[in-house]
Amino acid sequence: MVAIYKSDVVIVGAGLAGLTAAREIAKANKSVVVLSKLHPLRSHSGAAQGGINAALSDDDDVELHIFDTIKGSDYLADQDAVELMCQNAPKSVRWIERMGAVFSRREDGRIAQRPFGGQSRPRACFAKDRTGLTLLQTIYEQCVREKVLIFDE
Ligand SMILES: Cc1cc2nc3c(=O)[nH]c(=O)nc-3n(C[C@H](O)[C@H](O)[C@H](O)COP(=O)(O)OP(=O)(O)OC[C@H]3O[C@@H](n4cnc5c(N)ncnc54)[C@H](O)[C@@H]3O)c2cc1C
């Protein structure tokens, strides 16, 4: 027997990008289905170790993050997309932290940040050496919570 599913949105890929989109769509009360070649937790996102850049500290600013990112791309990046990403980075880090992602901390309790490729400030927020896996598990849990339908493998 063939099952036919109907959904407002179909997402192909269950890495950090796909699952984040799926979670937000479900939160907006739209039905969403995710199709993935692998189980979500085996997506490449889980391999990222270094961290996620965000201009959080007092001696950093978003303009500098934008500049570093565009320069680091040899000026090939879509500059409007970089601007949007960098502007939203602090909000995104706090967003996923509040959903349960445990970032490594400084002595004073703030999120720790370390130097990362091409960045002129230590701005990579990390969870020891398994940042990607931590973020992926967090967003996957949230998708399960929102009852997102995931067809893997
Ligand atoms: C080893 C490693 C280390 C990294 N370190 C960092 C880091 O420290 N900091 C950083 O910012 N970035 C890092 N990156 C880059 C970052 O992890 C990726 O850019 C990001 O995770 C990509 O997320 P994504 O959701 O777009 O893709 P992915 O996580 O790759 O997800 C793709 C999804 O698509 C699915 N898929 C693929 N093909 C098909 C198909 N034909 N049909 C259905 N589904 C399909 C896969 O199963 C998977 O679920 C690293 C990447 C790697 C590999």
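Every number for a ligand or one of its atoms is a count from 1 in the order of the listing. Everything quoted here is computed from the prediction, not taken from an experiment.
Here L19 is tied into one hydrophobic group with V9, I11, L16, I25, V32, V34, L41, I52, L56, V93, W95, I96, M99, F103, I111, L135, L136, I139, Y140, V144, V148, I150, each link being a pair of ILVMFWY side chains closer than 4.5 Å.
For ligand 1, the 4.0 Å heavy-atom shell takes in V12, G13, A14, G15, L16, A17, L35, S36, K37, L38, S43, H44, S45, A47, A48, Q49, G50, G51, F116, ordered by chain and residue number.
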Do any side-chain atoms of residues 79-87 form donor-acceptor pairs under 3.5 angstrom with protein atoms, and if so which ones, sequence neighbours left out?
none

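Residues that satisfy the side chain to side chain donor-acceptor pair (under 3.5 Å) test with K91, not counting sequence neighbours, are N88.
Here E146 does not pair with K30 in a salt bridge; the nearest charged N to carboxylate O distance is not below 4.0 Å. Under 4.0 Å is where a charged nitrogen must lie from a carboxylate oxygen, and between R123 and D68 at least one such pair does.
Counting only distance, with no hydrogens or angles, the side chain of R114 and the backbone of G50 share a donor-acceptor pair below 3.5 Å.
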